[in-house]
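Counting convention: from 1, in listed order, for ligands and their atoms alike. Index from 1, following the sequence.
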Amino acid sequence: MQAQERQFQDFELERYQSLHEHTVQFNLADSSVKCVGTREWLDAGEQEDLLNTGLFYPQVNGTQLLRTRIAALYPGASADSVLVTVGAAQANAMVCSALLSQGDELVVVSPGYRQVWGLALNAGCVVKEAPRDPDQHWRLDLDQLESLISPRTRLVSIVNPNNPTGSILSEVEVDRIVAACARVGAWLHADEVYASTEVADGVRARSFWGRYDRLICVNSLSKAYGLSGLRVGWLVSAPAMIEALWRRHEYAVIAAAAPSMTLAAIALQPEKSAWLIERQRRMSRAGRALLRSWIEASSGLVSVAPSAATCLGFVRYDLPINSYDVAERIREQASVLVAPGSYLGAEGHLRITVGYDEVKVSAALDRIGSTLRSLRRSG
Ligand SMILES: Cc1ncc(COP(=O)(O)O)c(C=O)c1O
């Protein structure tokens with residue numbers, strides 16, 4: 001039988017970035033801090049480890065050393081609970097591939113990173129969106145979320161801390177989400193790539209790990225560790241689910257890259273990971289201070305809700321123009337790339353990443369400000 005043609009849902013945010021990020025002077029549309037250069041974080045012995053990496057196909061589910069180091073981050077997990085992927089992006093795609101079929105229902109959160117949303121639409125699923133409230137510092141409306149979860153729900157997908165708002169779920173909220181999934185036996189997908197990007201000292205987002213048996217946790221080295229170019233991520237779940245995900249992984253990519261896995265294992269050594277995470281948080285804090293000053297000086301043209309994590313500002317602008325048009329004007333007039341809020345599920349906003357060199361971030365924010373003021377004058 002001929003498969004029915006379905007309109008393909010582009011991954012709009014990633015499409016916009018891949019089209020334009022290499023042609024602008026300042027790219028503030030990404031979501032990690034400025035990534036660390038290879039020479040900057042490897043000592044002579046580690047550089048030697050990299051050069052000694054063989055270039056035959058590596059272990060398909062991830063090297064034993066790397067899976068062991070990842071498992072150590074999840075109490076009670078073993079190397080058999082882990083599958084190494086090409087970034088969290090591939091991990092999320094494997095979750096959809098293993099769990100979703102045409103007609104299945106799932107619940108996602110909006111605004112959010114719309115990968116699972118788009119993959120599910122393309123698979124012919126019914127996607128329900130639980131809203132975050134812009135007037136309540138983007139708090140997730142848990143009553144709404146609970147009302148969307150029913151015996152028909154196959155999957156609930158949560159990103160914590162959230163992209164783009166930087167909100168963190170409280171312990172109580174985490175427990176309520178788990179309880180709602182457990183009531184109907186839904187799978188819970190927890191994308192935790194922004195864990196360890198919390199800004200305040202001593203504040204940590206609670207992982208979903210260990211709270212539920214039908215749980216798949218995803219993370220990567222892209223955000224907290226500032227190593228997005230390695231393209232290393234992972235899935236952690238019960239070994240039987242890992243087997244099912246691994247079968248999809250063989251079709252999709254066979255394995256993550258061997259040199260990347262060597263470097264990933266180095267990054268996850270305790271001292272090295274502490275250094276990388278501290279570097280990321282330093283850049284993020286400095287960028288947030290610049291963003292705050294810029295907003296304060298804007299006379300109400302832009303505003304941002306306080307957020308607890310990430311190097312992202314989800315900036316609201318006071319103009320009656322849609323976010324794609326505003327982003328395009330900023331790109332064309334100022335040669336700065338920012339992400340339109342509509343691509344994350346919230347009009348009237350721009351997502352601006354501030355964890356880069358301070359001089360560059362300042363210059364780019366000035367340019368964005370000039371463009372917004374010119375739009376206000378002409379509007
Ligand atoms: C919530 C979320 N999940 C996954 C990804 C993909 O990350 P990775 O670089 O690990 O593939 C991103 C990237 O922006 C993200 O924001």
Exercise. Just by distance, with hydrogens left out, do Thr262 and Thr53 show a side-chain donor and acceptor under 3.5 Å apart?
Worked result: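 Looking only at side-chain atoms, Thr53 and Thr262 do form a donor-acceptor pair, the distance falling under 3.5 Å.
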
Exercise. Can a donor-acceptor pair be found between the side chains of Gln333 and Arg367 at a distance below 3.5 Å?
Worked result: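 Per modelled atom types, Gln333 and Arg367 side chains form no pair under 3.5 Å.
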
Using a 4.0 Å heavy-atom cut-off, say whether [X] meets ligand 1 through its side chain, its backbone, both or neither.
{"X": "Leu221", "value": "neither"}
{"X": "Ser222", "value": "side chain"}
{"X": "Ser220", "value": "side chain"}

Do any N/O atoms on [X] end up under 3.5 angstrom from N/O atoms on ligand 1?
{"X": "Gln115", "result": "no"}
{"X": "Ala89", "result": "yes"}
{"X": "Ala88", "result": "yes"}
{"X": "Glu14", "result": "no"}

Exercise. So is Ser31 close enough to ligand 1, meaning a heavy atom under 4.0 angstrom away?
Worked result: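 Yes.
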
Exercise. Non-hydrogen atoms of Gln90 versus ligand 1: any pair closer than 4.0 Å?
Worked result: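 It does not; every heavy atom stays at 4.0 Å or beyond.
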
Exercise. Are the side chains of Phe26 and Ser335 in touch, meaning some heavy atoms are under 4.5 Å apart?
Worked result: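 Not touching, per the 4.5 Å side-chain cut-off.
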
Problem set entry | pair Asp141-Asp133: side-chain heavy atoms closer than 4.5 Å |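 When only atoms from C-beta onward are counted, Asp133 and Asp141 do not touch, as no gap falls below 4.5 Å.
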
For this session: Please lay out, stage by stage, how Tyr225 and Trp275 fare under the test side chain to side chain donor-acceptor pair (under 3.5 Å).
Result: CA-CA 9 Å; Tyr225 300 80; Trp275 183 84; over 6 Å; no

Quick one: which ligand 1 atoms are inside 4.0 Å of a heavy atom on [X]?
{"X": "Arg231", "result": "8 (P), 9 (O), 11 (O)"}
{"X": "Asn92", "result": "3 (N), 4 (C)"}
{"X": "Gly87", "result": "10 (O), 11 (O)"}

How far is [atom] from its nearest protein heavy atom, and which residue and atom is that?
{"atom": "atom 5 (C) of ligand 1", "result": "Tyr113 CE2, 3.5 Å"}
{"atom": "atom 14 (O) of ligand 1", "result": "Lys223 NZ, 2.8 Å"}
{"atom": "atom 3 (N) of ligand 1", "result": "Asp191 OD2, 2.6 Å"}

For this session: Evaluate the salt bridge (charged side-chain N to carboxylate O under 4.0 Å, His left out) criterion for residues Lys34 and Glu358: first the C-alpha distance (whole Å), next the side-chain angles of each, then the deciding distance (0.1 Å), finally the verdict.
Result: CA-CA 11 Å; Lys34 181 185 174 195; Glu358 291 171 55; over 6 Å; no

Exercise. Quick one: does Asn219's side chain have a donor or acceptor within less than 3.5 Å of a partner on Glu192's backbone?
Worked result: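 Such a contact is found between Asn219 side chain and Glu192 backbone.
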
Exercise. Can you tell me how far the CD1 atom of Ile352 sits from the CZ atom of Phe314, to the nearest 0.5 Å?
Worked result: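 If I round to the nearest 0.5 Å, the distance is 10.5 Å.
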
Exercise. Would you call Glu173-Arg176 a salt bridge at under 4.0 Å N-O?
Worked result: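 Salt bridge flag = no for Arg176 with Glu173.
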
For this session: Determine, stepwise, if the pair Glu105 / Lys128 fulfils salt bridge (charged side-chain N to carboxylate O under 4.0 Å, His left out).
Result: CA-CA 7 Å; Glu105 271 192 31; Lys128 303 197 163 175; 3.4 Å; yes

